[in-house]
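Heads up, the thing below is written out as structure tokens.
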2 protein chains.
Amino acid sequence: MHMDSATVMVQGVRDEIAAPVDAREAQRERILAAAMRCFARSGFHKASMQDICADAGMSAGNLYRYFRSKEAIIAAIAEADRVRNAAVFEILERTEDPVRGLACLARAFLRDMHGRDAPALCTEIIAESLRNPEMRAMFERNINEAHAACAAALRRGIERGFVDAGIDVDVTVRLLMALGDGIIAHRPMADFMTDDRVDTALDTLLERFLRPPAAARAATAVKAYTGNADTLPSLQPTPSA
Amino acid sequence: MHMDSATVMVQGVRDEIAAPVDAREAQRERILAAAMRCFARSGFHKASMQDICADAGMSAGNLYRYFRSKEAIIAAIAEADRVRNAAVFEILERTEDPVRGLACLARAFLRDMHGRDAPALCTEIIAESLRNPEMRAMFERNINEAHAACAAALRRGIERGFVDAGIDVDVTVRLLMALGDGIIAHRPMADFMTDDRVDTALDTLLERFLRPPAAARAATAVKAYTGNADTLPSLQPTPSA
DNA sequence: CTGGAGTGAATGAACGTTCACTCTCATGCA
DNA sequence: TGCATGAGAGTGAACGTTCATTCACTCCAG
């Protein structure tokens, strides 16, 4: 935080300090990568600082020059998770039809959460959030951002006739998030949950759950979704980029 | 295990040995209850045996007379969880329409998983299953039982026209389980997720996701679901009970 | 020669587990 | 009845280990 604003303020002499700052940041990220592997392998509390040091190829004393404590490392990981997630949720703002947007987002989310480490880490963060108040505050901030983005998209979709006006938007959004986190946790334990089968089923679920019922759709002037489930959503051109 | 079969074999003289065996079992359950509180509060690895002893009102030495190790306590808790879950999934076998059966099951499941401890414990078990192979084996046995029950119910429902024949049964089942576990984890962090709002949304989701599409339904001779979402499923009379 | 990068042994606390011990009480024997 | 016996319930200090964290130290570039 301090680093970031300092960097901006001295941008004119960036060359003088960029090297050391970047080196420091690179070391921090090396430690974070090692910590994520260890935490995914053993959990926050069973993984020891010695494990992280060994994985990062670094002595304990040196590691403590970059992170004040184990808690600080955990917090940094949760924050990195938040930033990465926030990026994924921007898909919704660039998509006209929120149902297709959610399907696209789900694909991106599930692709991001592949591998051995990501699911274990994600689930560990949630489990820890249910007991550690500081972790919970962090996770809630994360999830409230995502919730706001999804809810706004759904309400926009309702106005434009893409989405059933009868749904309970807040509960629906949280149900979909719960589904996402649940899939992340369950997928590594079921080898038949391949990407394409899950994608197809999720498409069907989203289309049927969120679309206005046929009767209501017929009565609506706005033409709602009529394409097939395999088409990617048509992205709106983004004015700023 | 040994105790159980022994008890059966000497049932004629049960009075002589019933008292000590029951006392032992009562102590074991007292320890398990304490351990569940501690594990829910701090997680499997951060909760210490001293914490559990204090919560159970018992010395460390005595506790080890009832459980060989901390791992053994964790295993016993996971097993108890499995047994309790298996009971809930029997609802499906007593219900003609699996969509209503799943809605009913979801209600029972969410009611069971209330309180402060149950969600934290359930999530902790899943998180631990993603790294500890022994815990994973136990959890997979648990979930495969449930999966089989759900999948059988859905296939039966497809034959009878209650459920869309086009769904991917295995993936759909696992998606619904993921949704359930996700709700358990998310609900404590969102106070608007009240029982009735979640139940209503889940009813809608299940009805729309699983029912045959309107076109297919009209072409089917079997009359599918036509009741409203608030009605409880009509339970079939169970021949054995 | 100064200051940041990096080391690794040392520290005290806390961990899971063990063990020598006491207490209680039903039973066997006088 | 009165007493010795021993098995099971329960205790809590002690064990060796591992933990997160610290610190006196070396190294090296500028």
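In the text below, chain A, chain B and the rest are named by the order of the sequence lines, each starting its count at 1. Just so you know, these numbers come straight off a predicted model, no measurement behind them.
Side chains of B:Arg30 and B:Gln27: a donor-acceptor N/O pair is present below 3.5 angstrom, by distance only.
Within the nucleic acid shown, B:Tyr66 comes within 4.0 Å of sugar-phosphate atoms alone, with no base atom in reach, counting heavy atoms only. At a threshold of 4.0 angstrom between heavy atoms, the contacts of B:Ala56 with the nucleic acid are absent. A:Ala47 comes within 4.0 angstrom of sugar-phosphate atoms only, judged by non-hydrogen atoms across all strands, and of no base.
Within the 4.5 Å cutoff, side-chain heavy atoms of A:Arg141 are placed close to those of A:Glu79. You'll find the side chain of B:Asp112 stays beyond 4.5 Å of the side chain of B:Asn85, heavy atoms only.
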Fill in the blank from the handout: In 5'-to-3' order, the base (B), backbone-only (S) or no-contact (-) status of each nucleotide in nucleotides 17-26 of chain C, using a 4.0 angstrom heavy-atom cut-off, is BBB-------
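Of the residues in residues 31-40 of chain B, not one places a heavy atom less than 4.0 Å from an atom of DNA chain C.
Within a 6.0 Å sphere centred on CD of A:Glu134, other residues, nucleotides and ligands contribute 12 heavy atoms or fewer.
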Show each protein N/O and nucleotides 27-29 of chain D N/O combination with a separation under 3.5 Å, one pair to a line.
none

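Listed by chain and number, the residues in a salt bridge (charged side-chain N to carboxylate O under 4.0 Å, His left out) with A:Arg155 are A:Asp170 (sequence neighbours excluded). Remark: B:His45 engages no residue in a ring pair (Phe, Tyr, Trp, His ring centres under 6.0 Å) (not counting sequence neighbours).
Identified under the ring pair (Phe, Tyr, Trp, His ring centres under 6.0 Å) test for residues 123-155 of chain A, with sequence neighbours left out: A:His147-B:Phe192.
With ring centers used as reference points, B:Phe209 lies 6.0 Å or more from A:Phe209.
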